[in-house]
There are 2 protein chains.
Amino acid sequence: MRVKQIADALDISVDTVRYYTRIGLLVPNKSHNGYKYYRPADVTRLRFILSARSLGFSVNDIKEILVTSSQTNAPCPTVRRLIEKRLKETEQRYQDMHELRERMRLATSEWQNKPDQPPTADTICHLIEGFTALKS
Amino acid sequence: MRVKQIADALDISVDTVRYYTRIGLLVPNKSHNGYKYYRPADVTRLRFILSARSLGFSVNDIKEILVTSSQTNAPCPTVRRLIEKRLKETEQRYQDMHELRERMRLATSEWQNKPDQPPTADTICHLIEGFTALKS
DNA sequence: ATAAACCTGTGAGCAGCTCACAGGTCAACA
DNA sequence: TGTTGACCTGTGAGCTGCTCACAGGTTTAT
């Protein structure tokens with residue numbers, strides 16, 4: 001299969017396939033004309049990559065898992081260790097996003113009662129600076 | 001003030017100040033030796049930038065707000081328009097993060113009862129592939 | 001033969017910083 | 001005056017995970 005075929009088969013863009021290939025997650029054959037040819041094993045591998053991505057693993061995690069899996073026997077300990085780490089990060093970012101969302105909501109709600117004002121010598125936008133001053 | 005002084009004053013890294021300077025959000029004076037010197041107005045400006053960042057504005061948004069503020073009178077309409085857009089994006093990302101977190105939690109919980117297994121011909125990690133197969 | 005449609009790989013670009021690095025500045029001391 | 005050393009500087013590159021632009025190759029229809 002050439003890049004477009006494998007991309008269509010798994011419903012992703014050719015650029016994504018090329019990216020994974022470029023960083024070494026996929027290793028297709030090269031033909032005489034320079035085109036890259038993907039075999040069934042590469043489809044399995046790509047499917048695995050997509051599954052792992054959807055579980056929050058980074059491409060470097062995936063690279064590590066693939067290496068482990070090809071060297072030793074079971075990549076599972078690595079997988080368990082990595083997802084624990086990524087889950088913690090995700091919880092943190094989720095929390096951060098929550099706080100950001102609250103701040104943004106509060107700001108827009110407060111700004112509804114405030115008029116537009118031109119900037120002054122020490123204020124660029126009284127909405128933004130006023131809101132921050134209020135909260136800190 | 002030189003870069004380290006303004007960075008320390010606002011409790012951010014010199015690299016961040018330099019980054020904002022590089023992209024044109026800050027425009028310090030240049031002295032004979034090539035060093036950049038920041039004036040009080042730059043401190044106001046940087047404080048504004050940090051406030052806006054903490055409300056979810058992108059650096060490009062901020063650039064737009066600063067330009068508007070220096071040309072016309074009130075940047076407020078721009079600010080109101082932009083935060084609405086960013087808030088929508090934030091809600092979406094928050095939602096995505098929520099779903100990712102749920103998936104990750106579910107996976108780790110399910111994996112507790114499953115043993116490690118070596119890879120097979122068409123499976124790289126039965127934990128990951130098994131979980132995805134289950135959910136799709 | 002040739003024109004158009006489609007496909008290819010490579011290089012660069014995006015956000016928002018962060019890091020590495022070679023060299024400049026300046027106070028303290030010999 | 002010289003010099004060591006701490007600290008500071010700007011610039012260029014690197015990070016993640018793609019996405020886009022582009023010049024050129026391939027294939028198909030006429």
Side-chain angles (χ1 to χ4, degrees), chain A residues 1-38 42 45-46 48-66 82 85-86 89-90 92-93 96-97 100, chain B residues 1-38 42 45-46 48-66 82 85-86 89-90 92-93 96-97 100:
Chain A
M1 307 170 85
R2 291 186 306 196
V3 65
K4 184 157 195 322
Q5 291 177 281
I6 193 172
D8 286 352
L10 297 192
D11 203 31
I12 58 176
S13 78
V14 291
D15 283 322
T16 300
V17 176
R18 287 207 257 250
Y19 170 64
Y20 292 150
T21 305
R22 201 162 350 191
I23 63 175
L25 289 190
L26 293 173
V27 188
N29 291 344
K30 274 177 195 168
S31 83
H32 64 289
N33 55 13
Y35 285 13
K36 286 158 180 146
Y37 285 86
Y38 298 86
D42 295 315
R45 209 175 163 91
L46 181 48
F48 169 77
I49 293 168
L50 297 176
S51 300
R53 289 288 299 129
S54 82
L55 275 171
F57 292 98
S58 75
V59 293
N60 267 330
D61 292 345
I62 296 170
K63 195 175 280 185
E64 186 177 344
I65 294 166
L66 285 171
L82 286 173
K85 200 159 116 191
R86 297 298 165 226
E89 292 171 4
T90 301
Q92 181 62 57
R93 286 196 294 143
D96 293 347
M97 290 293 283
L100 175 58
Chain B
M1 308 170 85
R2 291 185 307 192
V3 63
K4 184 160 197 318
Q5 291 176 282
I6 192 172
D8 285 353
L10 297 191
D11 202 32
I12 57 177
S13 78
V14 291
D15 283 320
T16 300
V17 177
R18 287 206 257 250
Y19 169 64
Y20 292 149
T21 305
R22 202 165 346 194
I23 63 175
L25 288 190
L26 294 172
V27 189
N29 291 344
K30 274 179 193 164
S31 84
H32 64 290
N33 55 12
Y35 285 13
K36 287 158 180 145
Y37 285 85
Y38 298 86
D42 295 316
R45 208 175 164 90
L46 181 49
F48 168 77
I49 293 167
L50 297 176
S51 300
R53 290 289 300 130
S54 81
L55 275 172
F57 292 98
S58 74
V59 293
N60 267 329
D61 292 344
I62 295 170
K63 195 176 283 186
E64 186 178 342
I65 294 166
L66 286 171
L82 286 173
K85 199 159 117 192
R86 297 299 164 228
E89 292 170 4
T90 301
Q92 180 63 56
R93 286 196 293 142
D96 292 348
M97 290 293 282
L100 175 58

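Since the model is a prediction, treat every value here as computed from it, not as a measurement. Labels below follow one simple rule: chain letters A, B, ... track the order of the sequence lines, proteins then strands, and each chain is numbered from 1. Excluded from the calculations below are hydrogen atoms, water molecules and symmetry mates; all remaining heavy atoms, backbone and side chain alike, are included.
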Roughly, in whole Å, what's the span from [atom1] in [X] to [atom2] in [N]?
X       : N      : atom1 : atom2 : result
B:Leu25 : C:dC17 : CG    : C1'   : 13 Å
B:Met1  : D:dC8  : CE    : P     : 13 Å
A:Arg86 : D:dT16 : CZ    : P     : 10 Å
A:Lys63 : D:dC15 : NZ    : P     : 10 Å
A:Ile23 : D:dC18 : CD1   : C1'   : 10 Å
A:Leu55 : D:dG17 : CG    : P     : 14 Å
A:Ile6  : C:dG9  : CD1   : C1'   : 16 Å
A:Lys4  : C:dG9  : NZ    : C1'   : 16 Å

Identify whether any heavy atom of [X] sits under 4.0 Å from a base atom; if not, whether one sits that close to sugar-phosphate; answer base, sugar-phosphate or nothing.
X       : value
B:Arg18 : base
B:Tyr20 : sugar-phosphate
A:Val3  : sugar-phosphate

Quiz item: Pick the nucleotide of DNA chain D nearest each of B:Asp8 and B:Arg22; which residue has the one closer to the 5' end?
Solution: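 Closer to the 5' end of DNA chain D: B:Asp8.
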Quiz prompt | Of B:Asp15 and A:Phe57, the one whose closest DNA chain D nucleotide lies more 5' | solution =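 In this pair, the answer is B:Asp15.
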Quiz prompt | Side chain to side chain, B:Tyr37 and B:Asp42, heavy atoms closer than 4.5 Å | solution =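 No, side chains not in contact.
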Self-check item: 5' precedence on DNA chain C between B:Tyr35 and B:Val59 (nearest-nucleotide basis)
Solution: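 Closest to the 5' end, via its nearest nucleotide, is B:Val59.
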[N] OP1/OP2 closer than 4.0 Å to side-chain N/O of [X]:
X       : N      : result
B:Lys30 : D:dT9  : no
B:Arg2  : D:dT9  : yes
B:Ser13 : C:dT18 : yes
A:Asn60 : D:dT16 : yes
A:Arg53 : D:dC18 : yes
A:Lys36 : C:dT10 : yes

Quiz item: Should we say atom CG of A:Asn29 is surrounded by more than 12 heavy atoms from elsewhere, each under 6.0 Å from it?
Solution: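 Buried by this count: over 12 neighbours within 6.0 Å.
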Quiz item: Got more than 12 heavy atoms from elsewhere within 6.0 Å of CG, B:Asn33?
Solution: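 Yes, enclosed.
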Quiz item: Short question: side chain of A:Lys36, backbone of A:Thr21 - any donor-acceptor pair under 3.5 Å?
Solution: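 It does not hold such a pair.
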Quiz item: Between B:Asp96 (side chain) and B:Arg93 (backbone), is there a donor-acceptor pair under 3.5 Å?
Solution: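 Side chain of B:Asp96 to backbone of B:Arg93: no pair is present.
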Self-check item: Side chain of B:Thr16 - closest among D:dT11, C:dT25, C:dC17
Solution: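 Given the options D:dT11, C:dT25, C:dC17, the side chain of B:Thr16 is closest to C:dC17.
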Self-check item: Per A:Tyr19 side chain, nearest of listed nucleotides C:dC17, D:dG17, D:dT9
Solution: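 From the listed options, D:dG17 comes nearest.
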Self-check item: Reference residue B:Ile62; test side chain to side chain contact (heavy atoms under 4.5 Å, CB included); the match among B:Leu25, B:Ile23, B:Leu50
Solution: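 Output: one option passes, namely B:Leu25.
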